[in-house]
Amino acid sequence: MGKSSAVIRLGYVHLRVTDLEEARNHYSNTLGMEVVHEEPGRLYLKCWDEWDHHSLVLEEGGVGLVKFGYKVEDDEALADFERRAQQFGVTTGRFSAGENLKVGDGLRLTLPSEHTIELYTDMEFTGTETGAINPEAWPRNVRGVGTHWIDHALISVEDPGLIERFMGEVLDFKTAEKVVESVEHPEVIGSWMSCGESPHDLAFIKGPQGKLHHFAYHLEDWSAILRAGDIFSMDDVPIDIGPTRHGITRGTTIYFFDPSGNRNEVFAGLGYRVQHDFPTINWTVDQLAKGIFYHARELNDAFTSVFT
Amino acid sequence: MPEVTILPDGVHVTTHADETLLRALARAGLRYRVGCKRGGCGICKVQLKLGEVSYERPIAESVLSDDERVEGICLSCRAVPLTNIVIELQEGDRLRRVLGFAYPNSTTPPGRSGTGPVAKKEGKDTSDG
C-alpha cells in the first residue's frame, strides 16, 4: 500500500519566453488564461478554474523552464521534505514570503536533474471565475480554448531511475506508469508519477538535464480537445501532434508550441484513479511509441528531440 | 524576391517578402527536419553557405549562440533571407517533397524562375510544415 503524499499539485510553472507580448497573446487570447498581474518583463496568469492567485509566470528573455512550484499541505510536511531531501543528498534552500509574488515561505530543491522545484504551503487565494457558492458550470466570458487548470509537466532527465527514486522516497510520489528497457532489464526510461489520484503530476523521460518537454492544461473532454485544435489552426499555433490519445495515462491530447517554442499540451480524460493500492503499469521500450501516441504508434522526431 | 538554393539537392525556392526559410520551403511543398517551428528548440538549424539573413524576433542565446552565428549556422524557422542565399541541410537530413503531384517531374527543382510553388494566395500561411 502506498503512503499519501503531502504534495497537493503542480501549483505554478515559471517559464522563459523570447517575446512577452506574443506570449501574452498566446496564453491569454488563444488559451484563455487571465493576466492577473504584470510588471516590467513579467506576466502572471491563471486559468478560470484555478483557486489561487496564479499558475503561470512568464519572464521575458530566453526560452525554457525557470522552475516549478508544487503546493504542499503544511509546514510540518515542508520540514519533513527538507530533512529527507538532505538525506537523499539533494541541494535544498529556504525562500521567504514575497520572493515569489503572493507566495509564502517555502523550500527550494535542486533535483539531480538540475530542475528547480519550489515547495510552498500558501499562495493568495483569489477564487475561480465561477466561485464557491452555487457556481455555474463554466464562465460565459471564457476566451479561446478556455483551459481549466495547469495539470502536470513532463521534463527530461539524464537518469530517470534516480529521479523516480527521489520523487518516491523524498516526496512520496507514486509511479502510476513507467517505461522500462524490458521486463528482464527494468532500467527506467521514463516515469509518470502521481501525488494524488491523477495519473501524473510530474513525468520525466530520459534526455538532456534541466529541460522542459511540456506542461499541460486540463480540458473537460475529447470534444474540447478537438475544439482546441480548431482554435490552434485559426491562430496559427504549430501543432506537434494530435488530436490523439496517449496509451500511457489514456489521456486525449494535443501537443503544440507557444510563440517561443515551449511545448504545451491540452489534456483530457481522467483515465483512472491512482489509489493507494494501484499497481504500477509497465511499458517496455519497444512499445513506447504506442504508449505515447496510441493511434499513430510511432514517435515523431520531435518527441525525443524538442526540449526547451 | 530572394532565391534560396538548398544543398545538397540544389533545389531552388523563391521567397516572399518577410517570409522565413521554413515557410518558403513549406509553401513549395518541401519538408526537412524541424522541431517547434518557433525558434525555441534549434532542431531546424541549417548551414548558411552564401548570402545574408535577418531574424524578425529575438532568438535565445541558448538556442543559437553568437559563435554559431559566426560559423554560419542559421535557425531556419526564424531566418528571413535578405539576399539570394545558399543553405545546406544538416548531415543526415534530406529534402522531402510532399506536393509530389504538383511537381510530377521530381528532377525539376520547384520554384525555379519563381514559377514553381503553388502560392497564389498571399498572406498568412498556416501550413508551415
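Throughout, protein chains are lettered first and strands after them, A, B, ... in sequence-line order, and every chain is numbered starting at 1.
For A:Arg263 and A:Tyr255, the positive end sits near the middle of the six-membered ring, less than 6.0 Å away and at most 45° from its axis.
No part of A:Asn300 comes within reach of chain B, as not one of its non-hydrogen atoms sits under 4.5 angstrom from that chain. Heavy atoms of A:Thr18 lying under 4.5 Å from chain B belong to its backbone as well as its side chain.
Note on A:Glu158 versus A:Lys206: no salt bridge recorded, every NZ/NE/NH1/NH2 to OD/OE distance being 4.0 Å or above. Taking 4.0 Å as the cut-off between side-chain N and carboxylate O, B:Lys45 and B:Glu68 count as a salt-bridged pair. Under a 4.0 Å N-O distance rule, the pair A:Arg108/A:Glu99 qualifies as a salt bridge. Looking at A:Glu34 and A:Lys46, no side-chain N of the basic residue comes within less than 4.0 Å of a carboxylate O on the acidic one, giving no salt bridge.
In plain terms, the two heavy atoms of B:Asn84 and B:Pro2 that are nearest each other are OD1-CA, 3.4 Å. Nearest heavy atoms, A:His246 versus A:Tyr294: C-CB, 4.0 Å.
Against chain A, the residues from residues 54-67 of chain B that qualify, each with a non-hydrogen atom under 4.5 angstrom away, are B:Arg57, B:Pro58, B:Ala60, B:Ser62, B:Val63 in number order.
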